Amino acid sequence: MSPIKTVLLIHGPNLNLLGTREPEVYGTQTLADHVKVAEVAVAQHGASLKSLQSNSESQIVDAIHSASGTIDAIIINPGAFTHYSWAIHDALKSFAGPVVEVHLSNPAAREPFRHTSVIASVAIGTIAGFGGQGYELAVHALFNNGH
């Protein structure tokens with residue numbers, strides 16, 4: 001596998017509200033804070049980061065399709081799409097590079113509808129429950145596990 005030069009960080013619906021939305025669950029860091037953490041971690045590996053947040057499933061699918069040939073790896077926090085977006089699942093399945101799924105909270109410790117991820121089966125791993133540290137862990141997982 002070729003070295004990772006560019007990582008796409010995708011955030012799904014409502015994650016633009018980080019910092020103010022349910023801080024007892026998601027913390028007080030903003031989306032920009034999380035993107036910066038990932039950007040710094042990716043730069044430590046000599047690569048660059050592109051990021052996208054969308055509340056639109058179709059925009060996320062289009063971004064994944066567009067990543068083919070220009071992006072080497074994807075880190076995705078799909079938000080609520082985690083539990084039911086087969087469209088995002090299928091788009092990620094067609095992506096040739098590694099994918100890491102990230103969640104700020106631990107979905108398995110929350111409401112039953114959050115226990116199933118349709119994204120997990122197309123990811124090399126899922127990092128959940130570590131708050132913003134999850135983004136740094138995801139970056140290091142990409143670069144330190146032969147990807």
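The structure presented is a predicted model; accordingly, all values stated were derived computationally and were not measured. Worth knowing before you read on, the calculation uses all heavy atoms, side chains too, and leaves out hydrogens, waters and symmetry mates.
With sequence neighbours left out, the side chain to side chain contact (heavy atoms under 4.5 Å, CB included) criterion links A43 to no other residue. Here Q53 pairs with H11, N16, L31, N55 under the side chain to side chain contact (heavy atoms under 4.5 Å, CB included) rule; sequence neighbours left out.
Residues F143 and L8 do not share a hydrophobic cluster, defined by chaining ILVMFWY side chains whose heavy atoms lie under 4.5 Å apart. When hydrophobic clusters are built by joining Ile, Leu, Val, Met, Phe, Trp and Tyr residues whose side-chain heavy atoms come closer than 4.5 Å, directly or via intermediates, V99 is not grouped with L9. Connection of V122 to V102 is not established within any shared hydrophobic cluster, with ILVMFWY side chains joined at heavy-atom distances below 4.5 Å, either directly or through further cluster members. Linking ILVMFWY residues whenever their side-chain heavy atoms come closer than 4.5 Å, directly or via other members, leaves L142 and I10 in distinct clusters. Placement of I64 and I119 within a single hydrophobic cluster is found when ILVMFWY residues are connected by side-chain heavy-atom separations under 4.5 Å, directly or transitively.
Separating the OG atom in S48 from the CD1 atom in I4 is a distance of 11.5 Å, to the nearest 0.5 Å. A distance of 8.0 Å separates CD of E101 from CG of N77, quoted to the nearest 0.5 Å. Residue L15 holds its CG atom at 7.0 Å from CG of L104, rounded to the nearest 0.5 Å. Taking OG of S51 as the start and NZ of K36 as the end, the distance is 11.0 Å to the nearest 0.5 Å.
Side-chain contact check for I88 versus I76: some heavy-atom pair is nearer than 4.5 Å. Residues F95 and I71 meet the side-chain proximity criterion, which asks for heavy atoms closer than 4.5 Å. For the pair H103 and P78, the minimum side-chain heavy-atom distance is below 4.5 Å.
Each ring pair (Phe, Tyr, Trp, His ring centres under 6.0 Å) pair with one or both residues in residues 55-74, not counting sequence neighbours, would appear here, but there are none.
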Worksheet item: Should L49 and V35 be marked as a side-chain contact (heavy atoms from CB on, under 4.5 Å) after you check the CA-CA gap, both sets of side-chain angles, and the distance that decides it?
Response: CA-CA 9 Å; L49 181 81; V35 171; 4.2 Å; yes

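Scanning both residues, A63 and L52, for their nearest heavy atoms gives CB-CD2, 3.4 Å. Heavy atoms only, all atoms of each residue included: A80 and P13 are closest at N-CG, 4.1 Å. Shown here for D72 and K5, the closest heavy-atom pair between the two residues is OD2-N, 2.8 Å. Pairing each heavy atom of S58 with each of S56, the nearest pair is OG-OG, 3.0 Å. Of all non-hydrogen atoms in H83 and V118, the two that sit nearest each other are O-CG1, 3.9 Å.
Looking at S85, its side chain never comes within 3.5 Å of a backbone N or O of T82 through a donor-acceptor pair. D62 places no side-chain N or O within donor-acceptor distance of the main-chain N or O of Q59, the cut-off being under 3.5 Å.
Ring geometry for H34 versus Y135: interplanar angle of 30 to 60°, hence tilted.
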